[in-house]
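These notes concern the structure reproduced below.
These numbers come from the heavy atoms of this one structure, side chains and all, not from hydrogens, waters or symmetry mates.
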Amino acid sequence: MFSKRPVHTNQTHSINGELYTLLSRIGHGSYGSVWKSVTPKGEYYAVKVFEFNHAQNPLASDDRLSSFKTEVKMGKKLYDETEHVVTMCGYEYSPRYGVGFIAMELGSESLVDRVRNLHQTHSKSPMFDYYDYISLRDQQNIWCQLVNIILALHQYGVIHRDLKPANLLFFGPTLKVIDFGMAQDEFVGFSPHQRIGGTRPYSAPECFTGQALITPKADVWSVGAILYYLTYGKAPVFESPRPPFGVLPTRSRHIQEILEHCLRPVASRRPDHQSLAQHPFTRPFKRYLK
């Protein structure tokens, strides 16, 4: 089933005893590619492929293997625990061929595509508001689900570290988080050898220094940065709540307040998860913490 060549369309691979045929590549990142796939039963899934031997240097190969192991670990930990985390259906690792696979449920739409579509609809509406990228109602709906996501992760002791629009997919009306390759357990403590990285400006500043403890406040920064994206259609240009050049600030006092509190460089000055859950803008929301 395996080949020494890079994966390509119509290859079939066995993952936990189930056959998956790769149909088309639907995503690509630092550690692998994601493919729309089908089983012999005609069921569609997403398959994430890690090609460890095709990294540019040995260190990158080690990083890919670490990412694969972390994603499997977190998938097992969160499996069936929350509706806001993508379901992992199986995984397979072949050291001989330097490749790893993770099969998961297939999303219907990315957050990036949803926001783009909402913007196009909103811009044609007679109620179009030049101060905001999408309607306030749609912003609030997505924001409440983002808060639910970090509440769920916090409940199970997981810090995602790389929450961003590209790592969020809709499964029907439900927003789910994917890609746990950079995630870590909440209580691992500080280590000078901890992994450094993420995606600027969606990952918190402390994720890149290697000199600070990474806490759940890192994910608080990320949801603030995503709310900024919902509001202005761009990532935080200055890694701050300031709007992009030539764009007026949002008219929503609540959104502006959340942005100002979440996008603080010092982690200890950011609000905690429950403060965001209790904010007036976060209604209705579903509590995950008891």
Side-chain angles (χ1 to χ4, degrees), residues 24-29 34 36 46 83-86 105-150 160 162-179 198-204 219-263 276-277 279-286:
S24 59
R25 194 172 75 172
I26 56 177
H28 184 75
V34 182
K36 180 179 180 180
E83 66 175 348
H84 284 291
V85 172
V86 67
E105 59 180 330
L106 182 66
S108 56
E109 185 181 25
S110 70
L111 178 61
V112 174
D113 289 338
R114 174 68 62 89
V115 171
R116 183 183 299 116
N117 292 335
L118 287 172
H119 168 62
Q120 292 174 351
T121 301
H122 184 52
S123 64
K124 297 175 182 177
S125 167
M127 301 298 292
F128 177 64
D129 185 346
Y130 288 91
Y131 291 77
D132 293 294
Y133 193 66
I134 63 177
S135 73
L136 194 64
R137 179 178 178 179
D138 288 318
Q139 280 177 293
Q140 188 175 41
N141 175 271
I142 295 171
W143 168 252
C144 290
Q145 295 204 60
L146 288 171
V147 173
N148 283 338
I149 286 171
I150 63 169
H160 190 281
D162 198 23
L163 290 172
K164 57 186 178 182
N167 282 342
L168 293 159
L169 299 178
F170 280 95
F171 294 75
T174 304
L175 187 65
K176 297 189 181 186
V177 61
I178 63 170
D179 196 346
T199 305
R200 291 187 184 274
Y202 291 106
S203 296
D219 288 344
V220 169
W221 168 284
S222 296
V223 295
I226 296 169
L227 179 62
Y228 184 106
Y229 168 73
L230 299 179
T231 304
Y232 297 118
K234 296 181 179 179
V237 179
F238 308 101
E239 296 196 35
S240 79
R242 291 168 53 193
F245 284 117
V247 177
L248 293 173
T250 176
R251 287 178 176 175
S252 170
R253 176 177 58 85
H254 291 323
I255 291 178
Q256 185 62 34
E257 183 179 68
I258 292 172
L259 295 179
E260 290 174 354
H261 290 171
C262 290
L263 297 178
L276 292 182
H279 192 277
F281 189 64
T282 317
R283 297 199 183 107
F285 67 88
K286 182 178 180 181

Decide side chain to side chain contact (heavy atoms under 4.5 Å, CB included) for I178 and V34; before the verdict, give the C-alpha distance in whole Å, the side-chain angles of both, and the deciding distance to 0.1 Å.
CA-CA 11 Å; I178 63 170; V34 182; over 6 Å; no

Could you tell me whether the side chain of I26 reaches within less than 4.5 Å of the side chain of L106, counting heavy atoms only?
yes

Least distance between heavy atoms, N117 atom then E109 atom
ND2-OE2, 3.0 Å

Taking all heavy atoms of A277 and all of V147, pick out the closest pair and write down the distance.
CA-CG1, 3.9 Å

Assess whether side chain to side chain contact (heavy atoms under 4.5 Å, CB included) is satisfied between I142 and L118, documenting all intermediate values.
CA-CA 11 Å; I142 295 171; L118 287 172; 4.2 Å; yes

Over all atoms of both residues, closest heavy-atom pair of V112 and Y229
CA-OH, 3.7 Å

Please check if the side chain of S110 supplies one atom and the backbone of A166 the other of a donor-acceptor pair under 3.5 Å.
no

Return the set of residues passing ring pair (Phe, Tyr, Trp, His ring centres under 6.0 Å) with F171 (not counting sequence neighbours), or none when no residue passes.
none

On the 0 to 90° scale, with breaks at 30° and 60°, tag the H279-H254 ring pair as parallel, tilted or perpendicular.
perpendicular

Over all heavy atoms of both residues, which pair between V220 and V223 is shortest? Give the atoms and the distance, please.
O-CG2, 3.2 Å

Given 3.5 Å as the limit, does a donor-acceptor pair link the side chain of N141 with the main chain of R137, or not?
no

Please report the C-alpha distance between W143 and I255 in whole Å, then the side-chain angles of each, then the deciding distance to 0.1 Å, and finally whether the side chain to side chain contact (heavy atoms under 4.5 Å, CB included) criterion is met.
CA-CA 10 Å; W143 168 252; I255 291 178; over 6 Å; no

Please walk me through it: do T174 and Q145 pass side chain to side chain donor-acceptor pair (under 3.5 Å)?
CA-CA 8 Å; T174 304; Q145 295 204 60; 5.0 Å; no

Mark yes or no for whether W221, through its side chain, and P201, through its backbone, hold a donor-acceptor pair below 3.5 Å.
yes

Do the side chains of D138 and H122 get nearer than 4.5 Å, heavy atoms only?
no

D162 side chain to D179 main-chain N or O, any donor-acceptor pair under 3.5 Å?
no

Side chain to side chain contact (heavy atoms under 4.5 Å, CB included) between L136 and S252: does it pass, once the steps are laid out?
CA-CA 8 Å; L136 194 64; S252 170; 4.1 Å; yes

Y228/Y202 aromatic ring centres below 6.0 Å:
no

By the definition side-chain contact (heavy atoms from CB on, under 4.5 Å), identify the one residue from E257, H261, E260 that meets it with P241.
E260

Of D132, V237, L259, L248, the residue whose pairing with Y232 passes side-chain contact (heavy atoms from CB on, under 4.5 Å)
L259

Give, for atom CG of L146 and atom CG of L276, the distance between the pair rounded to the nearest 0.5 Å.
10.5 Å

Identify the two heavy atoms, one from Q139 and one from I134, that lie closest to each other, and give their separation to 0.1 Å.
CG-CG1, 3.4 Å

If you define the side chain from C-beta out and look only at heavy atoms, does anything of Y133 sit under 4.5 Å from L230?
no

Distance col, row I226:CD1 vs L168:CG, nearest 0.5 angstrom, shows 5.0 Å

Nearest heavy-atom approach of S203 to G198 is OG-CA, 3.4 Å

As an exercise, state the distance from OG of S108 to NZ of K176, rounded to the nearest 0.5 Å.
10.0 Å

Taking F281's backbone N and O only, do any of them form a donor-acceptor pair with Q140's side chain (distance below 3.5 Å, no angle check)?
yes

Measuring only between side-chain heavy atoms, which start at C-beta, is C262 closer than 4.5 Å to L227?
no

Judged by atom type as modelled, is there a donor-acceptor pair below 3.5 Å linking the side chain of H84 to the main-chain atoms of L175?
yes

